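All ligand and atom numbering here is 1-based and tracks the order in the structure. FYI, side chains are in, hydrogens and waters are out, and symmetry mates aren't considered; it's all heavy atoms of this structure. Count residues from 1 along the sequence. Predicted model only: the values in this text are computed from it and were never measured.
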Amino acid sequence: MSKIVSGFSKMTKQEKIDWLTDHFFKEPIVAKEILQQYWNDNRVLQELHDDFIENTLSNFYLPFGVAPNFLINGKDYTIPMAIEESSVVAAASMVGKFWHSRGGFKTQILSTQKTGQIHFFYKGDPKGLQFYFDKMKPQLFRATEPITKNMRKRGGGITAMELIDKTAQLDNYYQIHVSFETKDSMGANFINTCLEAIAAAFERPDIEVVMSILSNYVPECLVRAEVNCPVEDLYAENAQEYAERFVRAVQIAKAEPYRAVTHNKGIMNGVDAVVIASGNDFRAVEAGVHAFAARNGQYTSLSNAEIIDGVFRFWIDIPLALGTVGGLTKLHPLAKLSLELLQNPNSEELMQIVAAAGLAQNFAAVRALTTTGIQKGHMKLHLTNIIKQLDATQEEKDFLIKYFENRTVSHNMVIEKYNEIRYKL
Ligand code: MEV
């Protein structure tokens with residue numbers, strides 16, 4: 001049976017499902033049931049989701065949880081998190097509470113500039129090009145005026161436009177590098193529309209515009225989150241030794257890319273979960289954050305730690321292009337709810353909350369790694385997840401939880417033990 005189809009997008013949802021299940025599944029009925037189980041019975045809500053993308057067949061749920069007790073710049077937050085990985089929300093909640101009684105998170109916006117570029121090829125005299133650009137610049141701004149009108153009213157718009165000679169990197173390659181302030185919107189559509197208008201006004205026969213697009217690299221849309229406290233408040237016992245080990249762990253992530261990637265992955269556990277819950281684009285955030293982590297030519301830790309005069313200080317500088325208007329933020333009911341839960345922050349406040357969530361996650365991971373190790377906490381939840389998949393009685397479940405209390409958990413070992421007790425209990 002051919003697995004190639006034409007006119008797929010024109011089929012009804014049911015026709016798409018029928019074609020798919022008939023062609024790819026051994027048990028089409030079971031596949032259909034699964035797809036249907038994840039439909040929302042609320043027709044309006046389902047249609048809303050259907051329209052987010054093309055060829056929607058069902059929904060793919062992520063757990064939505066919250067981490068309470070976050071104190072950020074003196075204000076209390078309960079942070080919404082959409083994430084499938086066990087331990088992340090538990091760790092955030094633990095760390096939120098921990099720092100709440102130690103002054104909480106202090107955050108600040110360092111910058112809010114975003115960038116877009118018009119990439120073009122030009123074979124003529126560079127001086128002539130510069131002359132043309134300088135002459136055209138007022139016209140280029142004018143070309144965007146209808147687009148930037150509302151944004152300018154809100155205090156945003158285009159803040160700078162420069163011609164950049166990139167011919168040392170690639171023959172005949174130039175760009176117009178445009179800086180934007182997009183206030184509470186993430187700004188992707190706004191930036192791209194402006195760029196296309198500028199490109200159209202700039203183009204002439206000897207200028208070949210290749211593309212006009214925003215950059216997800218946003219090193220000038222930067223937020224800092226910090227926690228600090230006297231070293232002796234950090235651990236119940238051996239505080240100095242553990243605090244120093246914590247700092248050394250961060251130094252290792254600064255020096256060693258293999259560790260830095262995992263270290264930063266822990267940060268992104270917190271960042272992405274809030275970015276997704278608030279309806280923002282986590283792929284854009286991920287791409288920008290990792291490029292920033294490698295900005296000096298070697299991938300390194302996003303967070304920093306030090307002990308000075310008996311005070312432990314732990315902080316992160318992270319680029320985050322986020323919106324609290326536009327995109328999915330008001331369209332997705334759970335994103336809207338998340339923003340309300342966060343007391344309807346503007347984008348700068350959301351950047352600070354997300355940075356705090358990332359730092360919290362990093363604190364939890366590094367603290368666990370440099371003390372008990374992370375497997376203990378992870379495995380407790382892992383065990384619960386494995387047990388849930390078994391057809392175990394309550395008595396069998398209780399036995400397994402007790403049995404693995406102080407033992408290493410692996411999927412195989414749990415299954416083996418389960419099979420063993422099934423016939424013995
Ligand atoms: C797991 O999702 C994240 C950690 O590996 C982060 C880290 O190692 O710092 C625990």
Open item on the list: I want to confirm something. Looking only at heavy atoms, which of Met268, Glu85, Arg259, Gln361 is nearest to atom 8 (O) of ligand 1?
Closed with: Arg259
Open item on the list: So that I know where these two stand, are Phe24 and Trp19 an aromatic pair - ring centroids less than 6.0 Å apart?
Closed with: yes
Task: Ring-face cation of Arg295 near Phe292 (centre distance under 6.0 Å, axis angle within 45°) - done: yes
- [ ] Using the six-membered ring wherever Trp is involved, compare the ring planes of Trp99 and Phe363 and label them parallel, tilted or perpendicular (cut-offs 30° and 60°).
- [x] perpendicular
Open item on the list: Within ligand 1, which atoms have a heavy atom of Thr262 less than 4.0 Å away?
Closed with: 5 (O), 6 (C), 7 (C), 8 (O), 9 (O)
- [ ] Could you tell me which atoms of ligand 1, counted from 1 in the order shown, lie closer than 4.0 angstrom to a heavy atom of Lys265?
- [x] 1 (C), 2 (O)
- [ ] Indicate, as side chain, backbone, both or neither, the part of Val88 found under 4.0 angstrom from ligand 1 when only non-hydrogen atoms are considered.
- [x] neither
Open item on the list: Taking a cutoff of less than 4.0 Å between a non-hydrogen atom of the residue and any ligand atom, is Val366 in contact with ligand 1?
Closed with: no
Task: Residue from Gln108, Lys106, Glu349, Gln352 passing side chain to side chain donor-acceptor pair (under 3.5 Å) with Asn73 - done: Gln352
- [ ] Decide, yes or no, whether a salt bridge links Glu340 with Lys336 under the criterion of side-chain N to carboxylate O below 4.0 Å.
- [x] no
Open item on the list: One residue to check: Asn269. Relative to ligand 1, which of side chain, backbone, both or neither has a non-hydrogen atom less than 4.0 Å away?
Closed with: side chain
Task: Note: Lys417-Glu420 ion pair, threshold 4.0 Å (strictly below) - done: yes
- [ ] Would you mind listing which atoms of ligand 1 come within a distance below 4.0 Å of any non-hydrogen atom of Leu369?
- [x] 7 (C), 8 (O), 9 (O)
